[in-house]
There are 2 protein chains.
Amino acid sequence: MPISPDECAHEVLDVVPLVMRTIRTEMRSHRAPGLTVPQFRVLVFLARNDGASLSDVAGHLGLTPPSTSVMVDGLVTRGLVTRRPDSRDRRRLTLALTSEGHAAMESARKFTRDCLAERLEALPESERATVVRAMQLLRPIFVSGKAEETDSEK
Amino acid sequence: MPISPDECAHEVLDVVPLVMRTIRTEMRSHRAPGLTVPQFRVLVFLARNDGASLSDVAGHLGLTPPSTSVMVDGLVTRGLVTRRPDSRDRRRLTLALTSEGHAAMESARKFTRDCLAERLEALPESERATVVRAMQLLRPIFVSGKAEETDSEK
DNA sequence: TATTGTTATACTCTATAACTATA
DNA sequence: TATAGTTATAGAGTATAACAATA
């Protein structure tokens, strides 16, 4: 049966918020680091982009600078991230994970993954493969903000 | 290749927040109704479950009653939902969409679906079918709060 | 003047705890 | 006493607008 983009969008719009709510709830309920999903995403980004600026984080996470500033502020206060002015351009910030930040990220990742894995055990292996395949299909078309913007236009 | 629950969880944790951010952003940017994702979900639920109680909504959306109460309150204030005591059991509420509520929901749905569909057009039909299948697999294992709770235990 | 980031302000989402009204 | 909802309170996420500091 042919699946129209619209039908597909319908399913995605129905199910993705549902899964997201679980991720959020489980991550929140994990007492130790008590990281929220957006905070977690900042840590993951910094783990892969050590020394990124606030604008880098905002851009890659699709947030505004003020929102990002507030969130980073919280992470700094909690000792998970360091924030220092760039020596060459003192307007810019150099953000990096502390070792606690690294640990908190790993811990949250593991905990949340375990919770999800527990649910995903309900599926037979072949169906898990379908889910993985779908995620791999969705990833490239949802990265980096705008739909109509291609690399060549950048 | 066998996919472990853990690998599958990894992919889901990576991609779902990505898709969700797009949904959120696009829904927010749709000026007219200006519905948020959670509000939208309440309207969708009420469209399919006319006369549902507040607990019904809370249960099916996986929210606590106070959160739901606040959100419904906002929707009532904006004229999108009616809230009346049930005549048989006056503790219960009877919630329903107004015609504006219906219109706002349809409008938001159409707008957001169009945005998603635009991105999903990038996939060939067979891959869209994979995505739909994955959503259908995920739905039942992420509905209604707890992972380990089955109907028989309820 | 343009860029980077922050502060001020304001909403919404969401939870827990304590409460009211009805059964 | 148990159930349905609400109110109070609190913290996070997010945005826009206005601002400060640096280039």
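Every chain is numbered from 1, with letters handed out A, B, ... down the list of sequences.
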- Message: Taking the nucleotide of DNA chain C with the nearest heavy atom to each, does B/R90 or A/R92 sit closer to the 5' end?
- Response: A/R92
- Side-chain donor or acceptor of B/E7 paired with backbone N/O of B/S4 under 3.5 Å: yes
- Message: Under a plain distance cut-off of 3.5 Å, with no hydrogens placed, do B/T130 and B/E127 share a side-chain donor-acceptor pair?
- Response: no
- Task: Please figure out whether A/T36 or B/T94 has its closest DNA chain D nucleotide nearer the 5' end.
- Result: B/T94
- Message: Any salt bridge linking B/D73 with B/R83? Criterion: basic side-chain nitrogen under 4.0 Å from a carboxylate oxygen.
- Response: yes
- Query: How long is the line joining CG of B/D73 and P of C/dC11, in whole Å?
  - Reply: 15 Å
- Message: Could you check whether the side chain of A/R91 and the base of C/dT3 have a donor-acceptor pair of N or O atoms closer than 3.5 Å, going by distance alone?
- Response: yes
- Are A/K110 and A/D114 within salt-bridge range, i.e. N to O under 4.0 Å? yes
- Donor + acceptor pair across side chains of A/Q39, A/T36 (<3.5 Å): yes
- Message: Check whether A/R128 reaches the backbone of B/I3 with its side chain - one donor and one acceptor, N or O, closer than 3.5 Å.
- Response: yes
- Note on the structure: Rounded to the nearest 0.5 angstrom, the CG-OG distance for A/D86 and A/S53 is 9.0 Å
- Message: Whether the side chain of A/R119 engages the backbone of B/I141 through a donor-acceptor N/O pair (distance < 3.5 Å, no angle test) should be reported.
- Response: yes
- Message: Below 4.0 Å from chain B heavy atoms, what is the first contacting nucleotide of DNA chain D and what is the last?
- Response: D/dA2 to D/dT7
Could you go through nucleotides 14-19 of chain C and list every protein N or O atom that sits under 3.5 Å from one of its N or O atoms, giving the distance for each pair?
residue : atom : partner : partner atom : Å
C/dA15  : OP2  : B/T64   : N            : 3.1
C/dA15  : OP2  : B/T64   : OG1          : 2.8
C/dA15  : OP2  : B/S67   : OG           : 2.7
C/dA15  : N7   : B/S67   : OG           : 3.4

- Mind running side chain to side chain contact (heavy atoms under 4.5 Å, CB included) on B/L35 and B/L43 for me, showing each step along the way? CA-CA 10 Å; B/L35 287 172; B/L43 297 186; 3.6 Å; yes
- Look at the side chain of A/T112 and the backbone N and O of A/A108, then say whether any donor-acceptor pair between them is shorter than 3.5 Å. yes
- Message: Check this one for me: any side-chain N or O of A/R83 less than 4.0 Å away from OP1 or OP2 of C/dT6?
- Response: yes
- Message: With a 4.0 Å limit, can you tell me whether A/S55 has a side-chain N or O closer than that to the phosphate oxygens OP1/OP2 of C/dT4?
- Response: no
- What is the distance, rounded to the nearest whole Å, between atom CG of A/L54 and atom C1' of C/dG5? 6 Å
- Message: Using a strict heavy-atom distance below 4.0 Å, which residues from residues 40-48 of chain A are in contact with DNA chain D?
- Response: none
- Task: Looking only at non-hydrogen atoms, find the nearest pair between A/L97 and A/D50 and report the distance.
- Result: N-OD1, 4.2 Å
